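Report on the structure given below.
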Amino acid sequence: FGNSGKSLKDRVNNSKKKEVVIVRGVPGVGKDNYVYYNEFGEDANFTVCSSDDYFYENGKYHFNRSKINRSEAYCLQQFHQSLKLGIPRVYLTNVNGQRWMYANYIRLAESYKYDVRVVTIQCEDEDQLRYFNSRSRHNVPMSFSKKVFEDWEYDPNETIIEPYIGNEEGYLEGDSL
C-alpha cells in the first residue's frame, strides 16, 4: 500500500491513535461502504469485523440461521484479535440495533485503551427501510429488517449520519456514501 517500505507490524506499532468505530444501521443501509469511504486514501491500517463474515465460504455468502451464535462468537474473536494486534482502526459493522448488542465490544475496546465512536446510519421511515432491504447484499428477509427498525434503540453517545440514497432523479443503486 505504498508506505515507504515499512512492514505492517511497524505501521501498526507506530500508530498513536487507536480507535474502534461501531457502525450501526438496518440491513442494506451501507455500513461497509461507510467504512471504505472513510478509509479511501488513508494508510490502510484498519480492519472490519462483522458476524456476516462467518457465513462466507469461497467468496459466497451462505447464511445459516442455526449458526448465528457461532457467527457472533467468531466476530467477537476477530475483534479481540484485532485489538490484541493493536490495529489502529477497528470497525464493527453488525446491525447493532440495541445497545446491549455492542456493549461488550465497547468494554473490550476500552480495556485495550481504544477510543470508541458509535456511528448510526439513519433510516427514517419504512420507505427507506424497503429500499435499503432491497439493496442488501445478503438477501435479508424484509420481516427481519422491519423488526430491527421497529426495535431500534438510540444511543446517547452516537453520531447519526444520513445515508446515501440518491439524488433529484430518485434512488440510486449501490450502497451508502
Side-chain angles (χ1 to χ4, degrees), residues 12 18-39 45-123 126 128-161 163 175-176:
V12 166
K18 299 207 182 316
E19 180 179 46
V20 163
V21 183
I22 298 169
V23 185
R24 312 170 64 211
V26 298
V29 77
K31 295 178 290 292
D32 290 330
N33 279 16
Y34 169 82
V35 171
Y36 295 111
Y37 174 81
N38 280 307
E39 290 295 332
N45 292 334
F46 72 98
T47 190
V48 178
C49 300
S50 172
S51 57
D52 284 329
D53 293 344
Y54 181 82
F55 298 108
Y56 278 96
E57 188 176 317
N58 298 324
K60 296 198 190 266
Y61 187 75
H62 302 284
F63 180 75
N64 181 335
R65 182 177 297 282
S66 70
K67 294 183 179 180
I68 288 176
N69 288 341
R70 287 184 199 168
S71 73
E72 290 170 357
Y74 171 83
C75 181
L76 184 59
Q77 177 187 22
Q78 295 303 309
F79 182 84
H80 191 194
Q81 185 66 26
S82 297
L83 300 179
K84 286 195 316 191
L85 289 171
I87 294 174
R89 288 177 308 287
V90 180
Y91 292 88
L92 177 67
T93 61
N94 294 335
V95 169
N96 294 314
Q98 308 250 321
R99 292 192 329 233
W100 68 265
M101 295 174 169
Y102 55 93
N104 287 335
Y105 289 92
I106 291 174
R107 283 191 284 278
L108 189 56
E110 289 173 343
S111 77
Y112 279 89
K113 308 283 191 252
Y114 274 73
D115 293 332
V116 177
R117 267 191 315 133
V118 177
V119 175
T120 298
I121 304 176
Q122 189 173 34
C123 176
E126 287 198 34
Q128 283 188 358
L129 181 66
R130 277 190 290 281
Y131 171 66
F132 297 141
N133 182 268
S134 73
R135 71 180 186 181
S136 172
R137 297 188 303 231
H138 302 124
N139 298 316
V140 175
M142 183 61 192
S143 59
F144 176 79
S145 290
K146 189 169 179 163
K147 177 113 176 85
V148 168
F149 180 76
E150 290 171 352
D151 294 344
W152 195 263
E153 180 181 18
Y154 290 92
D155 184 330
N157 299 312
E158 69 189 350
T159 300
I160 299 174
I161 64 169
D175 270 320
S176 174

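In this chain, residues are counted from 1 in sequence order. Bear in mind that the values here come from a model prediction, so they are computed numbers and not experimental data.
- Residues Phe132 and Ser145 have side chains not in contact (no heavy-atom distance under 4.5 Å, counting atoms from C-beta outward).
- Using a cut-off of 4.0 Å between Lys/Arg side-chain N and Asp/Glu carboxylate O, Arg137 and Asp32 are scored as salt-bridged.
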* Dump the intermediate steps for side-chain contact (heavy atoms from CB on, under 4.5 Å) on Val118 and Thr159, then the final yes or no. => CA-CA 6 Å; Val118 177; Thr159 300; over 6 Å; no
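- The side-chain heavy atoms of Ile22 and Val119, taken from C-beta on, include no pair separated by under 4.5 Å.
- Between the side chains of Tyr91 and Glu39, at least one donor N or O lies within less than 3.5 Å of an accepting N or O.
- The 12-atom threshold is not exceeded at CZ of Arg70, counting heavy atoms of other residues, nucleotides or ligands nearer than 6.0 Å.
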* Passes side-chain contact (heavy atoms from CB on, under 4.5 Å), Val29 versus Tyr34? Steps please. -> CA-CA 9 Å; Val29 77; Tyr34 169 82; over 6 Å; no
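- Under a 3.5 Å cut-off, the side chain of Asn64 and the backbone N or O of Ser66 do form a donor-acceptor pair.
- The two residues Val35 and Val23 make their nearest non-hydrogen contact at CG2-CG2, 4.3 Å.
- Between Asp115 and Val20, the closest side-chain pair of non-hydrogen atoms is not below 4.5 Å.
- With a 4.5 Å cut-off on side-chain heavy atoms, Tyr102 and Asn94 do not count as touching.
- Taking CZ of Arg89 as the reference point, atom OG1 of Thr47 lies at 11.0 Å (rounded to 0.5 Å).
- Checked by atom type and distance alone, the side chain of Asn133 never pairs as donor or acceptor with a backbone atom of Leu129 at under 3.5 Å.
- Side-chain atoms of Lys18 come within 3.5 Å of backbone N or O of Gly86 as a donor-acceptor pair.
- Taking the side chain as every heavy atom from C-beta outward, Cys75 and Tyr54 never approach each other to under 4.5 Å.
- Using modelled atom types and a 3.5 Å distance limit, the side chains of Asn139 and Tyr61 yield no donor-acceptor pair.
- A donor-acceptor pair under 3.5 Å is absent between the side-chain atoms of Asn69 and the main chain of Lys67, judged by distance alone.
- Electrostatic pairing of Glu158 and Arg117 does not count as a salt bridge here, judged by no charged N lying under 4.0 Å from a carboxylate O.
- What you find for Gly25 and Trp152 is that their closest heavy atoms are N-CH2, 3.5 Å.
- The minimum heavy-atom distance linking Lys31 with Val26 is given by the pair NZ-O, 3.1 Å.
- Glu19 and Tyr114 get closest at one heavy-atom pair: N-CD2, 3.3 Å.
- Between Arg24 and Gly97, the shortest heavy-atom contact is NH2-O, 3.1 Å.
- You'll find the side chain of Pro156 reaches within 4.5 Å of the side chain of Arg99, heavy atoms only.
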* To do: Walk me through it: do Val116 and Glu110 pass the test side-chain contact (heavy atoms from CB on, under 4.5 Å)?
  => CA-CA 7 Å; Val116 177; Glu110 289 173 343; 4.2 Å; yes
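- Note that the CG atom of Asp155 and the CD1 atom of Ile106 stand 6.5 Å from one another [nearest 0.5 Å].
- Val90 and Ser82 get closest at one heavy-atom pair: CG2-CB, 3.9 Å.
- His80 places a side-chain heavy atom less than 4.5 Å from the side chain of Tyr112.
- The line from OH of Tyr74 to CG of Asp52 is 11.5 Å long, rounded to the nearest 0.5 Å.
- Rounding to the nearest 0.5 angstrom, the gap separating the OG atom in Ser51 from the CD atom in Gln78 is 12.0 Å.
- Looking at Ser71, its side chain does come within 3.5 Å of a backbone N or O of Ile68 through a donor-acceptor pair.
- Taking CD1 of Ile87 as the start and CZ of Phe46 as the end, the distance is 10.5 Å to the nearest 0.5 Å.
- At least one donor-acceptor pair closer than 3.5 Å links the side chain of Gln98 to the backbone N or O of Asp151.
- Between Phe55 and Phe63, the angle of the ring planes lies from 30° to 60°, which puts this pair in the tilted group.
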* To do: Using the side-chain contact (heavy atoms from CB on, under 4.5 Å) rule, take Asn58 and Lys60 through it: C-alpha gap first, then chi angles, then the decisive distance, then the call.
  => CA-CA 6 Å; Asn58 298 324; Lys60 296 198 190 266; 5.7 Å; no
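- How far OG1 of Thr120 is from CD1 of Ile160: 6.0 Å, rounded to the nearest 0.5 Å.
- Under 3.5 Å, the side chains of Tyr56 and His62 contain no donor-acceptor pair of N or O atoms.
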